[in-house]
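Counting starts at 1 for both ligands and their atoms, following the listed order. Residue numbers run from 1 in the order of the sequence given. For the numbers below, each heavy atom of this structure counts, side chains included, while hydrogens, waters and symmetry mates do not.
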Amino acid sequence: MEEALTTQCLGEPTEPTNIVIFGAGGDLTKRKLIPALVKMLRCGLLHPESKIIGVLKGRTNEVWLNSLRQGLADYSADTEMNDQQWAEFSFRLKMIDGDLQDEQTYTDLATSLELLDGHINAMFYCAVPPDWYTTVAAGLHKHGLDNESNGFRRVVIEKPFGMDLDSARQLNHDLQALLNESQIYRIDHYLGKESVQNLLVYRFANSILEPLWNRNFIDHIQISAAEEIGIEYRANYYEKSGALRDMIQSHLMQVMTLVAMEPPVEFTADAVRDEKIKVLRAVRHLEPEQVKLQTVAAQYSSGDSDNEKVTAYVAEEGVSPDSVTETFSGVRFYIDNWRWQGVPFILWTGKRLPKRVSEIVIRFRKLPFNLFDTHATPPIANSLVFRLHPDEGIFLRMNAKMPGLTTDTQRMVMRAPYSEDGMDVSDAYEVLIHDVLMGDATLFSRADEVEESWSIIEPILNGWKDRLSVERYRSGTWDIPGMDALFADCVGGWHKPG
Ligand code: BG6
């Protein structure tokens, strides 16, 4: 194996574990999970005796292994391997060819779990479509594979966790009938992003922010994820989901809770999640008549992306030609508590936009009075930007004097890039798999959080349910109908990532 990057080695080593991936023939496994495990192994965060067991159907062991190796080359710039490196890694990979409904699969799995260093620890990762989560949990339970008498047994559940409030409740109910809540890790990869965790450190390890972090100084907050890509090969899922469910209910609302929460009493999973749930409980639910005013839904039409012509959403393979599914969504939320009363939190996301940028913009109130010449560039309201992707870091937009003999002002940006000095930023999946192996659920959603966030989204889904049409925007542009109106009374208006 190649030398590890020192910065990636920060973190406690984990115990030897059987890492079981259900759906190991799928895209998530080769794009994210295997590259993350390779990197963890290289830097000593995955115990070298750990085993990786892939459960999948209909492939030979050889075809499966080849596809994983190809995945490393295709999706993860620094994990391409030569033959010797691959041999050193792949001897710990084992495949079980089995159906998730078939008892034999779990029997085979039971015999494949290895006693490692005196324990049979296992992480079961459900990289399968959501309809299968309960089937897997039931199979594990029935065969005693969730029994923690001789090692930990933890089950990772991917998103989407439900498609609405009822289905999320049902899923929680079904999983909790089979597993202990402490064994369930509902993953949201946004929370594994270094820069999202860094938000907590910036907020609670720096005393200068706290006095400003409230309605007295902040005009509004934008939390966004703009993507250049379209829906790729995921029409089947996306047609039922849309941007609101896909990104806002999960990733962006989770980020909102971290931005808005009170300092927890200690840095433990439940203390942090107790504060996050308080935020969600304080989010005002939209009344039916507010849905039109406080939300935006739009769908991409054809256009240009990265200098190439791209098709409209409705022309994508698998999408119905009269689909009204939104590929862009924006929502203005309010949090009714002492800290945030009256401050709009505007969450927005979209596909086929001009660039891939995800950020949190804290826009401060406007100057009460401008003392300086304004004929050049009038002073702007300050913004503190947490860039989640790309170029992770913090930027403070300020006003400064223009050099020369006048008092004209100019805009300047104080930059604090997160990955200075060649620091390597870990992938979210490395962080989160490591957390599961360490038994740290801080960055995973608890059952009550998921239900609360769906209950906030529910009125919007109801308001949109019977729509017969949807606004359109040209691919590769920021011309989203309704977005300027959504920011109408916000200082500085809509911040389009620059
Ligand atoms: C996924 C969504 O959860 O997150 C995708 O289903 C989206 O639609 C992706 O593209 C974005 O994640 P990232 O880490 O690339 O910003």
What atoms in ligand 1 come closer than 4.0 Å to a heavy atom of [X]?
X    : answer
K351 : 5 (C), 7 (C), 8 (O), 10 (O)
D246 : 2 (C), 5 (C), 6 (O), 8 (O)
K193 : 13 (P), 14 (O), 16 (O)
K159 : 1 (C), 2 (C), 3 (O), 6 (O)
Y190 : 12 (O), 16 (O)

Will you find, in the side chains of [X] and [Y], an N or O donor that is under 3.5 Å from an N or O acceptor?
X    : Y    : answer
Y133 : D174 : no
Q254 : S445 : yes
H495 : E359 : yes
E239 : S320 : no
Y185 : D435 : no

Among L28, V55, I52, side-chain contact (heavy atoms from CB on, under 4.5 Å) partner for I21: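 The single option meeting the side-chain contact (heavy atoms from CB on, under 4.5 Å) with I21 is I52.
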Within the 6.0 Å centroid threshold, strictly below: F333 and F345: no
Starting from [atom], find the nearest protein heavy-atom neighbour and note its residue, name and distance.
atom                    : result
atom 4 (O) of ligand 1  : H189 CE1, 3.3 Å
atom 11 (C) of ligand 1 : E227 OE2, 3.5 Å
atom 3 (O) of ligand 1  : H251 NE2, 2.7 Å

With respect to E181, which candidate in R446, R154, R186, R273 satisfies the salt bridge (Lys or Arg N to Asp or Glu O under 4.0 Å) definition?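 For E181, the salt bridge (Lys or Arg N to Asp or Glu O under 4.0 Å) test succeeds with only one of R446, R154, R186, R273, which is R186.
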For ligand 1, does R234 get within less than 4.0 Å through its side chain, its backbone, both, or neither, judged by non-hydrogen atoms?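 The part of R234 near ligand 1 is the side chain, not the backbone.
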Using heavy atoms and a 4.0 Å limit, tell me yes or no: is Y238 in contact with ligand 1? no
Does H389 reach ligand 1, in the sense of a heavy atom lying below 4.0 Å from it?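 No; H389 lies far enough from ligand 1 that no heavy-atom distance drops under 4.0 Å.
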Between ligand 1 and R356, is the shortest N or O to N or O distance under 3.5 Å?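 In this structure, R356 places an N or O atom under 3.5 Å from an N or O of ligand 1.
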